[in-house]
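Each chain gets a letter, A, B and so on, in the order the sequences are listed, and its residues count up from 1. What you see is a predicted model, and the numbers here were worked out from it, not measured in a lab.
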Protein chains: 2
Amino acid sequence: MASQLQSPETYGEIDPRVEALVHDLIAQVADKWTMILIEVLHDHGEQRFTQISKRVPGVSQKMLTQTLRQMERNGLVLRTVHPVVPPKVEYRLTKLGESLGEAFCGVWTWAEDNLETVETARQGFDERAAG
Amino acid sequence: MASQLQSPETYGEIDPRVEALVHDLIAQVADKWTMILIEVLHDHGEQRFTQISKRVPGVSQKMLTQTLRQMERNGLVLRTVHPVVPPKVEYRLTKLGESLGEAFCGVWTWAEDNLETVETARQGFDERAAG
DNA sequence: TTTCACACTCTCTTTTTGGTAAGTATAAAT
DNA sequence: ATTTATACTTACCAAAAAGAGAGTGTGAAA
């Protein structure tokens, strides 16, 4: 398969294993729900599962659990279980989670600032394709 | 906006439709291959299809074409077709593409800076889960 | 005449992802 | 005795994404 051709020297000085790790980490962390959850947890502080779900329109229970778990595993979120009935579990961002939120700021503001530019580009592209 | 990660009370005032547009745009633009292609196009300037594919280990032809097209549609990439045989097509980042690359820098460096922190967090989590 | 180069496109198959809905545990309230 | 609340887990299924591989067009070189 020609698509798998390798040319190691093109990556220059950077260790390709580190590159791969960075790519993987970004893929996990730049996920749609993760980004939204960071936002919600930042804006509203420590919250319970149900509160979060109400603030995030469109998440299924499954995805919320899954994303929260992954974030916890990656050290972005602290999960506190209170041994009561019915269960009470609270989530909040760790320092690491907050710092990721700050790192995302650039992308967020880029998206906000360029919504129209992108929309215009799309229209141009689609017209060229059609005409 | 909430993306600025500053004050909780600003969250309520945002138009949810704009929020949704921003989320969608980020989802398209924060995609794994898009990020890698921005990097490669930034580092090596204007390149042909095959050159790019050699510099990106693991992309299939399909994904490369698809991602490049999406980027072109979003105005991130300029595609230049030279009417010769065999075909010659060159790709380069637009200003918008470059600006997105800069916006990503924060996330990129966050990932590099925190690789170990995350790895440690994961090990802790996995041990807790096992034990 | 066959081969090669390049940048795709198309089809088929596999893998991954995500939704839905039901089930679990427990104590208090009705 | 039944319901309610919370925070899940599990099983099943449909949809979407991605991979593999073959095919396309054209002119020049072997």
Point to revise | Whole-Å distance separating the NZ atom of K32(B) from the C1' atom of dA17(D) | key: 13 Å

Study note, to complete from the structure: Note: contacts of residues 72-83 of chain B with DNA chain C (heavy atom, under 4.0 Å) are R79(B)

Exercise for review: Could you check how far CG of L68(B) sits from C1' of dA7(C), rounded to whole Å?
Suggested key: 11 Å

Check your understanding: For R48(A) and dT6(D), what is the distance between atoms CZ and P respectively, to the nearest whole Å?
Key -> 6 Å

Review point. Considering only heavy atoms from C-beta outward, does the side chain of L93(A) approach that of L37(A) to under 4.5 Å?
Key: no

Review point. Can you list every pair that meets salt bridge (charged side-chain N to carboxylate O under 4.0 Å, His left out) and has a residue in residues 96-114 of chain B, with sequence neighbours left out?
Key: none

Review point. Which angle, to the nearest 10 degrees, lies between the helix axes at the two ends of the helix from dT1(C)-dA30(D) to dT30(C)-dA1(D), each defined by five pairs?
Key: 40°

Review point. For residues 62-107 of chain B, which residue pairs qualify under ring-ring contact (aromatic ring centres under 6.0 Å, His included), counting only residues two or more places apart or in two chains?
Key: none

Point to revise | Donor-acceptor contact present, side-chain Q47(A) to main-chain R55(A), <3.5 Å | key: no

Review point. Partners of D126(B) by salt bridge (Lys or Arg N to Asp or Glu O under 4.0 Å), sequence neighbours excluded?
Key: R73(A)

Check your understanding: Of all heavy-atom pairs between A111(A) and L25(B), which one has the smallest distance, and what is that distance?
Key -> O-CD2, 3.8 Å

Point to revise | Note, F49(A) side chain near V89(A) side chain (heavy atom, < 4.5 Å) | key: no

Check your understanding: With sequence neighbours left out, what residues match R92(A) under salt bridge (Lys or Arg N to Asp or Glu O under 4.0 Å)?
Key -> E46(A)

Review point. Of the non-hydrogen atoms in A103(B) and V107(A), which two are nearest, and what is the gap between them?
Key: O-CG2, 3.7 Å

Exercise for review: With sequence neighbours excluded, tell me which residues meet ring-ring contact (aromatic ring centres under 6.0 Å, His included) with W108(B).
Suggested key: H23(A)

Revision key, fill the gap. d(T50(B) OG1, K88(B) NZ) to nearest 0.5 Å is 12.0 Å

Practice item. Indicate whether OP1 or OP2 belonging to dC8(D) is found under 4.0 Å from a side-chain N or O atom of R69(A). Key: yes

Check your understanding: Between atom NZ in K88(B) and atom P in dA28(D), what is the gap in whole Å?
Key -> 17 Å

Point to revise | From F125(A) atom CZ to E127(A) atom CD, the distance as rounded to the nearest 0.5 Å | key: 12.0 Å

Exercise for review: Give a yes/no on whether any side-chain N or O of T65(B) is located under 4.0 angstrom from OP1 or OP2 of dT9(C).
Suggested key: no

Distance-only donor-acceptor pairs under 3.5 Å for side chains of residues 115-122 of chain A, two or more places apart:
| unit_1 | atom_1 | unit_2 | atom_2 | d |
| --- | --- | --- | --- | --- |
| E119(A) | OE2 | Q123(A) | NE2 | 3.3 |
| T120(A) | OG1 | E116(A) | O | 2.9 |
| R122(A) | NE | N74(B) | OD1 | 2.7 |
| R122(A) | NH2 | N74(B) | OD1 | 3.2 |

Within the sub-3.5 Å range, which N or O atoms of nucleotides 24-30 of chain C have a protein N or O partner, and how far apart are they?
none

Review point. In Å and rounded to the nearest 0.5 Å, what is the CD1 to CG distance from I38(B) to D43(B)?
Key: 11.5 Å

All N/O pairs under 3.5 Å across the protein-nucleotides 16-20 of chain C interface:
| unit_1 | atom_1 | unit_2 | atom_2 | d |
| --- | --- | --- | --- | --- |
| dG18(C) | N7 | K62(A) | NZ | 3.2 |
| dG19(C) | OP2 | S60(A) | OG | 2.9 |
| dG19(C) | N7 | K62(A) | NZ | 3.2 |
| dG19(C) | O6 | K62(A) | NZ | 2.4 |

Check your understanding: Over how many whole Å does the gap from L64(B) atom CG to dA20(D) atom P extend?
Key -> 14 Å

Check the interface with nucleotides 1-4 of chain D: list each N/O to N/O pair with the protein under 3.5 Å, or write none.
none

Donor-acceptor contacts under 3.5 Å from residues 57-68 of chain A side chains, at least two apart:
| unit_1 | atom_1 | unit_2 | atom_2 | d |
| --- | --- | --- | --- | --- |
| S60(A) | OG | M63(A) | N | 3.2 |
| T65(A) | OG1 | Q61(A) | O | 2.9 |
| T67(A) | OG1 | M63(A) | O | 2.6 |

Check your understanding: Does the side chain of R79(B) reach to within under 4.5 Å of the side chain of M71(B), using non-hydrogen atoms?
Key -> no

